[in-house]
Amino acid sequence: MAGRIAVAAAFLALAVVPAALAQAPGPAAAPSGPPNVTAILEKGGQYTTFIRLMKETQQDTQLNNQLNSSFGNNGGGYTVFAPTDNAFNNLKPGTLNSLTQQQQVSLVQGHVLANFYSMDSFQTASNPVRTQASGRDGPYTLNITSDTNNQVNVSSGVVDVRINNALYSTKPLAVYSVDKVLLPLELFGAKAPAAAPTASEGKPKKGGSSDASSPAGSEDSEPTGAASARAVGWSVAGLAAVLGYLL
């Protein structure tokens with residue numbers, strides 16, 4: 001009887017083990033494809049203006065294509081600073097409309113870094129950090145600093161803002177929320193004043209453009225009419241003297 005119980009117990013154990021293995025959770029499935037910037041921002045729920053700007057300038061398509069190319073290739077990745085709708089609402093009225101199409105492209109690109117940065121890796125960022133935007137004087141840059149409390153601050157040279165939270169942070173993409181629009185120094189910095197004209201510019205030279213050896217209107221020069229009259233006078237006097245001699 002004891003032998004039968006032991007055999008039954010053994011068969012029961014063999015039946016339970018496969019069932020337990022089948023129910024055990026496996027490792028988390030890897031992402032099936034590259035992340036989509038637009039989908040991440042839409043899920044955030046407060047980035048409609050930034051999404052609209054990205055679509056109007058086609059930077060959403062460009063960035064998603066770059067992510068597709070770098071996905072799985074161990075590329076450097078990308079980091080996006082996404083201003084909230086309140087950040088755009090706090091801008092001076094007409095700020096966005098005052099920009100040309102190319103300047104709007106630069107504004108969006110100035111919020112994108114061509115490298116993946118986690119919150120920890122910001123501590124070792126080498127300033128200035130290049131953005132995707134570039135102008136006549138080279139790439140637009142940001143300065144990124146981290147304090148002792150691991151708070152990360154970003155400066156465009158015009159605006160300083162603290163990173164609030166990560167909407168997404170899995171290589172090759174990190175998306176961070178910011179409460180201010182990172183206005184590029186190249187577009188919104190103080191304009192240099194126009195150079196003042198030198199003292200010699202715009203002033204006519206004394207005496208006009210006449211020959212320097214006998215400037216018109218000088219005291220040593222003689223009017224043309226007076227010289228002619230004097231010559232005629234000498235001629236008449238000479239003729240009178242000759243006639244008087246002959247007579």
Side-chain angles (χ1 to χ4, degrees), residues 37-38 40-42 44-64 66-67 76-119 121-123 125-147 150-169 173-194:
V37 174
T38 309
I40 293 170
L41 294 175
E42 287 175 345
Q46 53 178 338
Y47 306 94
T48 55
T49 304
F50 191 53
I51 292 172
R52 176 176 60 81
L53 268 178
M54 293 191 76
K55 288 183 176 181
E56 289 178 351
T57 58
Q58 300 182 354
Q59 293 308 296
D60 60 330
T61 302
Q62 177 175 318
L63 184 53
N64 284 328
Q66 291 171 330
L67 289 168
Y78 298 89
T79 299
V80 178
F81 298 112
T84 63
D85 290 333
N86 284 336
F88 283 100
N89 291 337
N90 289 331
L91 291 177
K92 183 180 178 181
T95 297
L96 295 182
N97 291 334
S98 68
L99 300 177
T100 65
Q101 179 73 10
Q102 182 55 49
Q103 288 173 334
Q104 290 184 2
V105 170
S106 297
L107 177 63
V108 175
Q109 290 179 338
H111 289 75
V112 182
L113 309 180
N115 202 357
F116 172 82
Y117 286 94
S118 65
M119 290 294 287
S121 62
F122 278 130
Q123 298 179 12
S126 179
N127 289 313
V129 180
R130 293 187 176 188
T131 70
Q132 293 265 79
S134 184
R136 292 183 305 173
D137 299 327
Y140 294 7
T141 60
L142 299 172
N143 283 315
I144 303 175
T145 56
S146 178
D147 60 25
N150 292 327
Q151 296 291 336
V152 178
N153 298 298
V154 182
S155 173
S156 68
V158 177
V159 173
D160 297 310
V161 65
R162 176 173 293 180
I163 295 178
N164 289 332
N165 60 291
L167 302 177
Y168 187 91
S169 184
L173 177 66
V175 181
Y176 297 102
S177 177
V178 289
D179 288 336
K180 294 181 181 179
V181 181
L182 299 175
L183 302 176
L185 179 64
E186 292 76 3
L187 297 180
F188 296 92
K191 299 294 188 293

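Heavy-atom basis, side chains included; hydrogens, waters and symmetry copies ignored. If you're wondering where the values come from, they're calculated on a predicted model, not measured in any experiment.
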J.: Tell me if a side-chain donor or acceptor on H111 pairs with a main-chain N or O of L182 at a distance below 3.5 Å.
T.: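 Yes, H111 side chain to L182 backbone: donor-acceptor pair under 3.5 Å.
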J.: First locate atom OG1 of T141, then atom CG of N127, and finally report the distance between them rounded to the nearest 0.5 Å.
T.: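 Answer rounded to 0.5 Å: 8.5 Å.
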J.: Mind checking what makes ring pair (Phe, Tyr, Trp, His ring centres under 6.0 Å) contact with F81, not counting sequence neighbours?
T.: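 Here no residue qualifies.
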J.: Could I get the full list of side-chain contact (heavy atoms from CB on, under 4.5 Å) partners for Q58, not counting sequence neighbours?
T.: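 For Q58 there are no side-chain contact (heavy atoms from CB on, under 4.5 Å) partners, ignoring immediate neighbours.
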J.: For D137, give me all partners under side-chain contact (heavy atoms from CB on, under 4.5 Å), at least two apart in sequence or on another chain.
T.: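 Here no residue qualifies.
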J.: Among pairs that include at least one residue of residues 83-94, which meet side-chain hydrogen bond (donor to acceptor under 3.5 Å, both in side chains), considering only residues two or more places apart or in two chains?
T.: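 Residue pairs with at least one partner in residues 83-94: T48-D85, T49-D85.
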J.: Could you tell me the separation between the OG atom of S134 and the OH atom of Y140, rounded to the nearest 0.5 Å?
T.: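 Going from the OG atom of S134 to the OH atom of Y140 covers 7.5 Å.
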J.: My understanding is that only residues two or more places apart in sequence, or in another chain, count here; which of them pass ring pair (Phe, Tyr, Trp, His ring centres under 6.0 Å) with Y47?
T.: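 If we apply the ring pair (Phe, Tyr, Trp, His ring centres under 6.0 Å) test to Y47, skipping adjacent residues, there are no hits.
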J.: Checking Q123 now: which residues fulfil side chain to side chain donor-acceptor pair (under 3.5 Å) with it, not counting sequence neighbours?
T.: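 Side chain to side chain donor-acceptor pair (under 3.5 Å) check on Q123 returns N150.
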J.: Going by heavy atoms in the side chains, are F122 and I163 under 4.5 Å from each other?
T.: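 Side chain of F122 against side chain of I163, heavy atoms only: contact under 4.5 Å found.
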J.: Does the side-chain contact (heavy atoms from CB on, under 4.5 Å) test come out yes or no for D60 and I51, once each step is laid out?
T.: CA-CA 8 Å; D60 60 330; I51 292 172; over 6 Å; no
J.: Report the residues that fulfil side-chain contact (heavy atoms from CB on, under 4.5 Å) with T100, sequence neighbours left out, ordered by chain and then residue number.
T.: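 T100 satisfies side-chain contact (heavy atoms from CB on, under 4.5 Å) with Q102, Q103 once adjacent residues are dropped.
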J.: With S118, which residues qualify under side chain to side chain donor-acceptor pair (under 3.5 Å), at least two apart?
T.: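 S118 satisfies side chain to side chain donor-acceptor pair (under 3.5 Å) with S121 once adjacent residues are dropped.
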J.: Enter the distance from M119:CE to N165:CG here, rounded to the nearest 0.5 Å.
T.: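 Interatomic distance, M119 CE to N165 CG, rounded to 0.5 Å: 9.0 Å.
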J.: Quick one: side chain to side chain donor-acceptor pair (under 3.5 Å) partners of S146, sequence neighbours excluded?
T.: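 So S146 forms no side chain to side chain donor-acceptor pair (under 3.5 Å) with any residue.
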J.: When you measure from the side chain of T79 to the backbone N and O of Y117, does any donor-acceptor pair fall under 3.5 Å?
T.: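 Side chain of T79 to backbone of Y117: a pair is present.
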J.: Measure across N115 and G76 and return the closest heavy-atom pair with its distance rounded to 0.1 Å.
T.: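 It is OD1-O, 2.9 Å.
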J.: Check side-chain contact (heavy atoms from CB on, under 4.5 Å) between Q104 and all other residues, then give those that pass, not counting sequence neighbours.
T.: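 Testing Q104 for side-chain contact (heavy atoms from CB on, under 4.5 Å), a comparison that skips the adjacent residues, returns L53, E56, T57, L99, Q101.
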J.: Could you check whether any side-chain N or O of T131 sits under 3.5 Å from a backbone N or O of V112, counting only pairs where one atom can act as donor and the other as acceptor?
T.: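 No; zero donor-acceptor contacts below 3.5 Å.
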J.: Any heavy-atom pair between the side chains of Q66 and Y78 that's under 4.5 Å?
T.: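 Touching, per the 4.5 Å side-chain cut-off.
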J.: What I'd like to find out is whether the side chain of N164 reaches to under 4.5 Å of the side chain of V178, using heavy atoms alone.
T.: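 Sidechains of V178 and N164: no contact.
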J.: Can you find a heavy atom in the side chain of V154 that is under 4.5 Å from one in the side chain of V159?
T.: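 A side-chain contact is absent here, since even the closest heavy-atom pair is not under 4.5 Å.
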J.: Quick check for you: to the nearest 0.5 Å, what is the distance between T38 atom OG1 and N64 atom CG?
T.: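 Rounded to the nearest 0.5 Å, the OG1-CG separation comes to 5.0 Å.
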J.: Side chains of L173 and V80: closer than 4.5 Å at any heavy-atom pair?
T.: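 A side-chain contact exists here, since the closest heavy-atom pair is under 4.5 Å.
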J.: Would a distance-only check, ignoring hydrogens and angles, find a side-chain to backbone donor-acceptor pair under 3.5 Å from S169 to A166?
T.: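 Side chain of S169 to backbone of A166, a donor-acceptor pair under 3.5 Å: no, none is there.
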J.: What's the shortest heavy-atom distance between A87 and D179, and which atoms?
T.: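 It is CB-O, 3.3 Å.
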J.: Under a 4.5 Å cut-off applied to non-hydrogen side-chain atoms, are F50 and L41 in contact?
T.: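 SC-SC contact between F50 and L41 confirmed.
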J.: Measure the CZ-CG distance between R130 and L142 for me, rounded to the nearest 0.5 Å.
T.: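 Nearest 0.5 Å value for the CZ-CG distance: 13.0 Å.
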J.: Who pairs with F88 by ring pair (Phe, Tyr, Trp, His ring centres under 6.0 Å), at least two apart in sequence or on another chain?
T.: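 Not a single residue meets the ring pair (Phe, Tyr, Trp, His ring centres under 6.0 Å) criterion with F88.
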J.: Give, for atom CZ of F188 and atom OG of S156, the distance between the pair rounded to the nearest 0.5 Å.
T.: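 OG of S156 is found 9.5 Å from CZ of F188.
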J.: Assess the residue pair D160 and N153 against the criterion (side chain to side chain donor-acceptor pair (under 3.5 Å)); give the C-alpha distance rounded to whole Å, side-chain angles, the decisive distance to 0.1 Å, and a yes or no.
T.: CA-CA 7 Å; D160 297 310; N153 298 298; over 6 Å; no
J.: Just to verify, what does Q62 make a side chain to side chain donor-acceptor pair (under 3.5 Å) with, not counting sequence neighbours?
T.: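 Testing Q62 for side chain to side chain donor-acceptor pair (under 3.5 Å), a comparison that skips the adjacent residues, returns none.
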J.: Apply side-chain contact (heavy atoms from CB on, under 4.5 Å) to the pair N143 and V129, showing each step before the final yes or no.
T.: CA-CA 6 Å; N143 283 315; V129 180; over 6 Å; no
